[in-house]
Amino acid sequence: MLYIVDDEEVLRDALGWLAQSRQIKNQSFASAAAFLELVHGGIPFSEEGDCLLLDVRMPEMNGIALFDILSAQQLTQRLPVIFLTGHGDVPMAVDALKRGAFDFVEKPFNDNNLMDRVQQAMTASLKASAAFDVQKRLQSLSQREREVLDLILLGRMNKQIADDLGISMRTVEVHRSNIFEKMQIKSAVELAGLLK
């Protein structure tokens with residue numbers, strides 16, 4: 001999903017049309033506050049990836065202030081931000097990029113180049129979402145399951161893990177089963193691939 005936040009209706013419509021020409025679903029917002037309502041309700045991250053095209057200069061809350069809020073909520077990796085501005089300068093662009101913006105594009109822009117960057121941002125969003133999901137699964141493991149997981153990744157067998165941790169082999173088998181279930185994998189090889 002491409003989210004477009006810009007106070008200029010004509011530009012929102014043009015960007016929406018441009019996105020549709022590439023079969024990119026999009027949703028427009030006339031202000032940062034309107035977009036924040038979506039954020040507060042929980043952004044429905046898309047399986048196709050997500051990106052936010054954000055105007056820098058808007059009344060009430062500008063794009064930089066919205067970006068800061070999204071950054072503080074650690075959303076900008078799963079929702080890469082491409083700033084659009086007709087009034088930007090090099091220091092502003094450098095600062096935005098240093099703080100994690102995906103790109104900084106000056107108006108007027110080349111339509112194809114902008115949509116190429118949007119698609120690249122959506123791909124980056126998918127990778128970040130996958131990493132977030134793996135991290136979330138890891139956090140669901142107990143301390144002992146993490147210890148067993150670390151030893152599985154070292155290639156240790158159940159008997160060796162039981163000896164290393166001073167627990168029974170049956171207990172290791174239960175932990176291994178729980179780890180595989182929580183991590184949504186079926187083998188140690190799959191586990192290693194997921195965590196590399």
Side-chain angles (χ1 to χ4, degrees), residues 1-3 5 23-27 29 32 35-54 65-83 95-103 116-196:
M1 175 69 75
L2 172 63
Y3 297 103
V5 179
Q23 283 81 47
I24 299 172
K25 294 177 188 169
N26 61 89
Q27 187 174 356
F29 299 84
F35 183 72
L36 276 178
E37 286 181 30
L38 174 75
V39 172
H40 293 315
I43 294 177
F45 289 107
S46 162
E47 291 181 6
E48 290 86 34
D50 301 284
C51 175
L52 171 59
L53 276 180
L54 180 58
L66 175 59
F67 178 76
D68 289 342
I69 291 170
L70 298 176
S71 293
Q73 295 180 17
Q74 300 179 342
L75 292 173
T76 53
Q77 286 191 334
R78 296 178 73 191
L79 183 62
V81 175
I82 298 176
F83 281 107
D95 183 56
L97 294 172
K98 278 185 177 175
R99 294 190 302 136
F102 190 80
D103 208 343
D116 287 347
R117 288 301 284 159
V118 165
Q119 289 181 313
Q120 290 163 2
M122 292 173 80
T123 299
S125 164
L126 283 179
K127 290 179 183 172
S129 290
F132 177 81
D133 288 343
V134 169
Q135 192 59 37
K136 197 172 169 183
R137 288 184 229 162
L138 280 172
Q139 290 171 351
S140 73
L141 300 178
S142 69
Q143 179 62 37
R144 182 60 91 182
E145 288 167 345
R146 284 301 300 254
E147 293 169 358
V148 171
L149 178 140
D150 290 341
L151 293 169
I152 291 171
L153 291 174
L154 291 174
R156 307 283 283 169
M157 304 304 288
N158 285 355
K159 174 81 173 100
Q160 294 169 314
I161 294 171
D163 291 344
D164 290 347
L165 298 178
I167 57 178
S168 74
M169 206 165 96
R170 176 71 188 130
T171 302
V172 172
E173 289 169 357
V174 169
H175 285 311
R176 181 185 283 262
S177 175
N178 288 341
I179 292 166
F180 283 16
E181 183 179 329
K182 289 179 179 178
M183 296 304 291
Q184 301 172 17
I185 47 100
K186 293 180 180 166
S187 69
V189 171
E190 205 176 330
L191 178 65
L194 187 68
L195 299 177
K196 72 177 178 182

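Count residues from 1 along the sequence. Excluded from the calculations below are hydrogen atoms, water molecules and symmetry mates; all remaining heavy atoms, backbone and side chain alike, are included.
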- Do Q120 and R117 pass the side chain to side chain donor-acceptor pair (under 3.5 Å) test, and can you show the C-alpha distance, the side-chain angles, and the key distance before you say yes or no? CA-CA 5 Å; Q120 290 163 2; R117 288 301 284 159; 2.5 Å; yes
Tell me, do [X] and [Y] make a side-chain contact under 4.5 Å, heavy atoms counted?
| X | Y | result |
| --- | --- | --- |
| L2 | K25 | no |
| I161 | M169 | no |
| F102 | L79 | no |
| L36 | L66 | yes |

Without swapping roles, check the side chain of [X] against the backbone of [Y] for a donor-acceptor pair under 3.5 Å.
| X | Y | value |
| --- | --- | --- |
| S129 | S125 | yes |
| K182 | S140 | yes |
| S168 | T171 | yes |

I need the [X] [atom1] to [Y] [atom2] distance, nearest 0.5 Å.
| X | Y | atom1 | atom2 | result |
| --- | --- | --- | --- | --- |
| I24 | E48 | CD1 | CD | 10.5 Å |
| S142 | H175 | OG | NE2 | 6.0 Å |
| E190 | L195 | CD | CG | 11.0 Å |
| E145 | I152 | CD | CD1 | 10.0 Å |
| L191 | I185 | CG | CD1 | 4.5 Å |
| E173 | N178 | CD | CG | 12.0 Å |

- Would you mind listing every side-chain hydrogen bond (donor to acceptor under 3.5 Å, both in side chains) that reaches into residues 155-164, with sequence neighbours excluded?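 Sorted result for residues 155-164: R156-D164, N158-R176, K159-D163.
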Taking all non-hydrogen atoms of both residues into account, name the closest pair between [X] and [Y] and its distance.
| X | Y | answer |
| --- | --- | --- |
| L138 | L149 | CD2-CD1, 4.2 Å |
| M183 | R137 | O-NH1, 2.9 Å |
| D50 | P80 | O-CD, 3.2 Å |
| A101 | F67 | N-CZ, 3.5 Å |
| L126 | S46 | CD2-O, 4.1 Å |
| L141 | I179 | CD2-CA, 4.1 Å |

- Task: Any chance you could lay out the side-chain contact (heavy atoms from CB on, under 4.5 Å) test for V5 and L53, step after step, and finish with the verdict?
- Result: CA-CA 6 Å; V5 179; L53 276 180; over 6 Å; no
- Message: What verdict does the side-chain contact (heavy atoms from CB on, under 4.5 Å) test give for L165 and L151, after you've listed the backbone C-alpha separation in whole Å, the side-chain angles of each residue and the deciding distance to 0.1 Å?
- Response: CA-CA 10 Å; L165 298 178; L151 293 169; 3.8 Å; yes
- Task: Please list, chain by chain and in numerical order, all residues satisfying side-chain hydrogen bond (donor to acceptor under 3.5 Å, both in side chains) with K127, sequence neighbours excluded.
- Result: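 In terms of side-chain hydrogen bond (donor to acceptor under 3.5 Å, both in side chains), with neighbours along the sequence ignored, K127 is linked to no residue.
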- Message: D68: which residues meet the side-chain hydrogen bond (donor to acceptor under 3.5 Å, both in side chains) condition with it, sequence neighbours left out?
- Response: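 With sequence neighbours excluded, D68 shows a side-chain hydrogen bond (donor to acceptor under 3.5 Å, both in side chains) to R99, given in chain and number order.
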- Output, in order, the C-alpha distance, side-chain angles, deciding distance and verdict of side-chain contact (heavy atoms from CB on, under 4.5 Å) for I82 and L54. CA-CA 6 Å; I82 298 176; L54 180 58; over 6 Å; no
- Query: Heavy-atom count around Q77 CD within 6.0 Å, excluding the residue itself: above 12?
  - Reply: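 Result for CD/Q77: open.
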- Around atom CD of E181, are there more than 12 heavy atoms of other residues, nucleotides or ligands at under 6.0 Å?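 No, because the 6.0 Å sphere around CD of E181 holds 12 heavy atoms or fewer from other groups.
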- Task: For Y3 and N26, run side-chain contact (heavy atoms from CB on, under 4.5 Å): C-alpha distance rounded to whole Å, both residues' side-chain angles, the deciding distance at 0.1 Å, then the answer.
- Result: CA-CA 6 Å; Y3 297 103; N26 61 89; over 6 Å; no
- Ring centre gap for F45 and F132 strictly below 6.0 Å: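 No.
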